[in-house]
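So the structure is just underneath, and the comments pick up after that.
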Amino acid sequence: MTDTSETKADATGSETPHRYTAELANQIEDAWQERWEREGTFHSANPAGPWAEPDDPRLARGHMMVMDMFPYPSGAGLHVGHPLGFIATDVFSRYQRTTGRNVLHTMGFDAFGLPAEQYAVQTGQHPRTTTEANMVTYRRQLRALGMGHERRRSIETIDPDYYRWTQWIFLQIYNSWYDEHAVRADGQLGAARPISELVEQYAAGDRATPSGQPWAQLTPAEREGVLAEHRLAYVSSAPVNWCPGLGTVLSNEEVTNEGKSERGDFPVFKRNLSQWKMRITAYADRLIDDLDRLDWPEKIKIQQRNWIGRSQGANVSFPVVGHDEQIMVFTTRPDTIFGATFMVLAPEHPLLERIVPESHHADVAAYQRSASTKSDLERQADTKAKTGVFTGAHAINPATGEAIQVWVADYVLMGYGTGAIMAVPGQDERDWAFATAYDLPIIRTVQPSEGHPEDEAFTGEGPAINSANEEISLDGLPVAEAKAAIIDWLADRGLGEGTITYRLRDWLFSRQRYWGEPFPIVWDEQGVAHALPDDQLPLTLPDVPDYSPRTFDPEDAESMPEAPLARATEWVEVELDLGDGPKRYRRDTNTMPNWAGSCWYHLRYMDPENKEAPVDPAVEAYWIGPREETVAGAPEGSRDPGGVDLYIGGAEHAVLHLLYARFWHKALHDLGYVSSEEPFRRLINQGMIEAYVYRDHRGQPVPAEEVEETIGETGDPTYSWQGQPVTKEHGKMGKSLKNVVTPDEMRAQYGSDTFRVYEMSMGPLEQYRPWETRAVVGSQRFLQRLWRNVVDEETGEVTVSEDPLDEATARFLARTADGVRTDFEALRVNTAVAKMIEFNNHLTKLDRVPRAAIEPLVQMVAPVAPHIGEELWSRLGHPESLAYEPFPEADPALLVEETVTCVVQVKGKVRDRLEVSPDIGEDELRELALGSERIRELIGDAELRTVIVRAPKLVNIVPA
RNA sequence: GCCCCCGUAGCCCAACCGGCAGAGGCAGCCCACUUAAAAUGGGCCCAGUGCGGGUUCGAAUCCCGUCGGGGGCACCA
């Protein structure tokens, strides 16, 4: 019982000092938040590790790990849109606790990264200062919302105790390679293995070095060069996304279709730079295939599949006429090879140097030059108009034996496939466009379907035509069979082979920014990288006077990245003993992208104090190890991959965080650090809360809360601000749109419980919906009625009766308990709230509210409105928190209705209703319906065509 | 251009496997309480499911087309 609630309300002098007002709600909320924290109410139990509590009874009753995508703590604090998912996971977690399960639900902060740094630069403070201040605000706001987070498990990615392990995982990945032949636990091939195993293979001569020289004869630098080709984290010099406006390079995932940076919308240029990459491509197949075993929104799965972009096809070699060279092409349509009438190379293709005859040098060089100055944006701007030039070279189509022209054109991209194509205008729209533009021959090799236009490529299904030589004929074969046949033929002659390519590229992992995890890598004087030994972790970020990045004119493609850490000379230049005596080294001055910290935080939540490992293996296996049952829709006979039970967050991370985290998790799995194959077993994307935006005649947003609504004579509302008319539209919630509403305001105006109930009853979790402050009062009224059903508003007395429930109330309660439980399980909190309101309204109409009815209702409400739930529970005489009180069970006997209303239809229209027993037989019901007076009047003597009986709810009579 | 999701009352949303279109909330109107207003409580009003076809005894639900909104992919061979 909270004493505070008694006293202060009196001060208002009102006649209802014990009414559930915002003030009273706030007092109750403060008191319970305080008590939950003091008592560690939400602490969960670990089976092993530093927090081992093997005797906790919950360990035997099932486990449940629930997570939110943790926030980046921005300077603006939370607005009402942010907590939607957080409240949903809190409701779910609180419900799960009442079922006896051991529930892990906590919250951390994704506090490294560009936005934090930009905010710090803007405000002239150190990023750590601003970030920490922001986290204080977030923590206060989350606490005020009544989140049942386990505070002691909270992590911050910027905490050296945390990023020590981020660096450690980086080193595990760095010190690994992908062994295509390694056998995984499920019998499949391919797994990350320690790089030492590869070194052994080279040293023993089981694997040839690229140069053919024995391993022992290679210099350390040469060896390192060989290993870099295999390491899962490696440095390579290659074209990367350079963003002068941000002063850093970016991963492909961080660049938009338009060739701009995802953050800031600055132009991005391709520059050849030496950068860290992660070999995520080694996992391309598993990242695609394992999606089938996850309970994720189909939308996200599709995005990941598209992004990885696996396509099956063949590599085919075309000999160059007059040269001892082959042009290797990748095609998904080897069946159309008889229609390959010319070839196209990307402007950057290395073979051009060697095969272009003197006569065409100038043309080709000029074309290459013009292509190189085009940005990606320009290259994509007009995809219809194809440009290109003839190289003067010819190649032999291996199927037809004919010499065909080799062209260079920028519609072929160096970065995909082999950078060269066989052009098949008859079956490819792009090739058709090019062939018509430059008057190149077209041969159809698939019979177009009836009515297909004469002047277009045919990309559909059909029998092969014009596809035969002396050895093989594809004619008449459907596409799939023709593919298989031609691949066999090509393979037999060593001309080609079936293959798979991917759109996914390796993950560019270094950034030239200050506010991130430093790489635990030093470089020696020969330019060889060395991993820092474990005992030198964490490598902390040095304090530098100038942490701001060197940024450039966003359009300055020629600029070069400069890492801020390079300026910290004393930090960079070090003398270390890495086993062969003290030597001088230079530290790597890059920092990791902000995605690094979020790749593994789910693991740290489980075991945040562990000093020996990122997570104790027994703890990981307990919380997220593979389950007995696979998720719904998983392929027959597949193994469960394990992972967090429920993960809720926005859909915008589909190919960023969610892809990266899966990759790291799989690497850690291969290396034996985790038993689960996937980090997040079930994922839900919460919708966004939008807000109305009001604009004046100039289109400028005006403060939404000052807008007045008037209902006009037509009944349509009109809006005005300071007397002038404004327009209303849907939009995001944001400062610049002047429509931000914060949870702090809602708490002051209504209380946090009301706010939580409102957010949850706005609609399904996944849905986008507009915020409407004036509707919040409905949720407050519900809680007020609930309160009044227990507490007298004038005296503060508890008014419940000890009488048994009447029949109707007992049935209503059973129905409600059953429905609310089902809704909570399925995360349909909106309909659960509706059911509770209904039942509460029923109780309101009774003379006195029976304890046996209100107590279960209080328990049901508590996951959504936990403070009022606890408070009423306590006032009803229970000294213990209700957090672990078993959820009300519905008596099955009461769920069976005594009578049900049976609808009698004639030709599908409802004509009569009958009250019948729920277990009435079909025949009996048919007779009853046909005997009904109203029905007899309607159908008279007409013959009956059929009578459909769906006992006990429906009879449909169809006269002839 | 291709693919996916969503259109139910003035508004936010329910309706499980095709079976009475309405659970809940907001707004509006009426009533009670009040000197009055607010707050509170009680009651009432409100759509035939974007549109056009089809399947079915029966369609918000399934199918086809179309319009509107949102999202994804897009010179990826």
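Fair warning: this is a prediction, and the values are worked out from it, not measured in the lab. Lettering follows sequence order; numbering is per chain, from 1.
- Between B/A36 and B/G48, the two C1' atoms lie 44 Å apart (nearest whole Å).
- The nearest heavy atom of RNA chain B to A/D428 and to A/W307 marks one nucleotide each, and the one closer to the 5' end goes with A/W307.
- Across the strands present, B/C73 finds its partner in B/G1; the criterion is a Watson-Crick or G-U wobble pair with both atom distances under 3.5 angstrom.
- In this structure, the CD atom of A/E298 is 11 Å from the P atom of B/C4, given to the nearest Å.
- When distances are taken from the side chain of A/I421 to each of B/A77, B/G19, B/C11, the shortest belongs to B/A77.
- Neither OP1 nor OP2 of B/A27 sits under 4.0 Å from any side-chain N or O of A/R774.
- Residue A/S779 is out of contact with every strand shown, counting any heavy-atom pair closer than 4.0 Å.
- Judged purely by atom type and a 3.5 angstrom limit, A/R310 has no side-chain atom pairing as donor or acceptor with the backbone of A/R503.
- Side chain to side chain, A/T795 and A/H18 fail the donor-acceptor criterion of an N or O pair below 3.5 Å.
- A/S311 has a side-chain polar atom (N or O) that falls below the 4.0 Å cut-off from OP1 or OP2 of B/A77.
- One P atom belongs to B/C16, the other to B/G50, and the distance between them is 16 Å to the nearest Å.
- Of the P atoms belonging to B/C51 and B/A60, the separation is 11 Å, rounded to the nearest Å.
- Rounded to whole Å, atom P of B/G25 lies 14 Å from atom OH of A/Y758.
- Rounded to whole Å, atom P of B/C2 lies 17 Å from atom CD1 of A/I302.
- Although no hydrogens or angles enter the test, the distance criterion places a donor-acceptor pair under 3.5 Å between the side chain of A/K483 and the main chain of A/T332.
- For A/E825, the side-chain hydrogen bond (donor to acceptor under 3.5 Å, both in side chains) partners are A/Y95, not counting sequence neighbours.
- Side-chain nitrogen and oxygen atoms of A/N830 include none within less than 4.0 Å of the OP1 or OP2 phosphate oxygen of B/G24.
- Between A/Q784 and the phosphate of B/U40, there is a side-chain N or O to OP1/OP2 separation shorter than 4.0 Å.
- Side-chain atoms of A/R781 lie closest to B/U40 of the nucleotides B/G24, B/G19, B/U40.
- Comment: A/R305 engages A/D292 in a salt bridge, judged by a side-chain N to carboxylate O separation of less than 4.0 angstrom.
- A sub-4.0 Å separation between OP1 or OP2 of B/C13 and a side-chain N or O of A/Q767 is present.
- As rounded to whole Å, 10 Å separates atom C1' of B/C26 from atom OH of A/Y692.
- The A/P764 side chain lies nearest to B/A14 when the options are B/A77, B/A14, B/C12.
- Taking only side-chain atoms of A/R19, from C-beta outward, the nucleotide of B/G72, B/G24, B/A39 with the closest atom is B/A39.
- Which of B/C13, B/G42, B/A77 sits closest to the side chain of A/V412 comes down to B/A77.
- In this structure, A/N241 contributes its side chain and A/V268 its backbone to no donor-acceptor pair below 3.5 Å.
- In this structure, B/G65 forms a base pair with B/C51, meeting either the Watson-Crick or the G-U wobble geometry with both donor-acceptor distances under 3.5 Å.
- Applying the 90° criterion around 0 to the glycosidic angle, B/C17 comes out syn.
- B/G71: glycosidic angle beyond 90° from 0, hence anti.
- Among the heavy atoms of the strands lying under 4.0 Å from A/Q905 is at least one base atom, whether or not backbone atoms are also near.
- At the heavy-atom level, A/Y502 lies nowhere under 4.0 Å from the strands shown.
- Counting any heavy atom pair closer than 4.0 Å across all strands shown, A/A834 reaches a base atom.
- Checked against ring-ring contact (aromatic ring centres under 6.0 Å, His included), A/F839 has the following partners two or more places apart in sequence or in another chain: A/F812.
- If you take atom P in B/A39 and the same atom in B/C45, they sit 23 Å apart, rounded to whole Å.
- Summarising the base pairing, B/G58 is matched to no nucleotide, lacking a Watson-Crick or G-U wobble pair whose two defining distances lie under 3.5 Å.
- For the OP1/OP2 pair of B/A77 and a distance below 4.0 Å, the side-chain nitrogens and oxygens of A/R333 include no atom meeting the criterion.
- Distances from the side chain of A/D410 to the nucleotides B/G71, B/C75, B/G42 place B/C75 closest.
- Annotation: cation-pi geometry satisfied between A/K386 and A/Y411 (NZ/CZ under 6.0 angstrom from ring centroid, within 45° of ring axis).
- For A/Y416, taking side-chain heavy atoms from C-beta onward, the closest of the listed nucleotides B/G41, B/C26, B/A77 is B/A77.
- In this structure, A/T844 reaches the sugar-phosphate backbone alone: every heavy-atom distance under 4.0 Å involves primed, P, OP1 or OP2 atoms, never a base.
- Proximity note for A/L954 (side chain, C-beta onward) versus B/C12, B/G71, B/G19: the nearest is B/G19.
- Put simply, CE on A/M414 is 16 Å from C1' on B/C75, counting in whole angstrom units.
- Listed nucleotides B/G43, B/U40, B/G41 differ in distance to A/K845; the shortest reach to its side chain belongs to B/G43.
- Distance CD (A/Q686) to P (B/G70): 20 Å, rounded to an integer number of Å.
- Between A/F330 and A/Y416, the ring planes lie perpendicular to each other; the angle is over 60°, past the 30° to 60° tilted range.
- Heavy atoms of A/R769 sit under 4.0 angstrom from primed sugar atoms or phosphate atoms, though from no base atom.
- Base engagement by A/V903 is indicated by at least one non-hydrogen atom pair under 4.0 Å involving a base atom.
- The residue among A/G763 and A/F782 whose nearest nucleotide of RNA chain B lies closer to the 5′ end is A/G763.
- Residue contacts for A/N841: at a heavy-atom cut-off of 4.0 Å it reaches the sugar-phosphate backbone alone, with no base atom in range.
- At a cut-off of 3.5 angstrom, counting only N and O atoms as typed in the model, there is a donor on one side and an acceptor on the other between the side-chain of A/R913 and the base of B/C20.
- Separation of the C1' atoms belonging to B/U56 and B/C73 is 38 Å when rounded to the nearest angstrom.
- One P atom belongs to B/C62, the other to B/G19, and the distance between them is 11 Å to the nearest Å.
- Here the side chain of A/T332 is nearest to one of B/A77, B/G42, B/C11, namely B/A77.
- For B/G25, one of the phosphate oxygens OP1 or OP2 lies less than 4.0 angstrom from a side-chain nitrogen or oxygen of A/R785.
- A/K299 comes within 4.0 angstrom of sugar-phosphate atoms only, judged by non-hydrogen atoms across all strands, and of no base.
- Only the P atoms considered, B/G70 is 44 Å distant from B/C31, to the nearest whole Å.
- The base of B/C20 lies outside donor-acceptor range of the side chain of A/K953, with no N or O pair under 3.5 Å.
- Applying the Watson-Crick and G-U wobble criteria (two distances, each under 3.5 Å), B/A38 pairs with nothing in any strand.
- At whole-Å resolution of the value, OH in A/Y768 and P in B/G7 are 16 Å apart.
- A 3.5 Å limit on both hydrogen-bonding distances identifies B/G28 as the Watson-Crick or G-U partner of B/C44.
- One atom, CZ of A/R305, and another, P of B/C3, lie 17 Å apart when rounded to the nearest Å.
- Between the A/R848 side chain and the A/T799 main chain, a donor and an acceptor come within less than 3.5 Å of each other.
- Taking the C1' atom of each, B/U61 and B/C44 are spaced 31 Å apart, rounded to whole Å.
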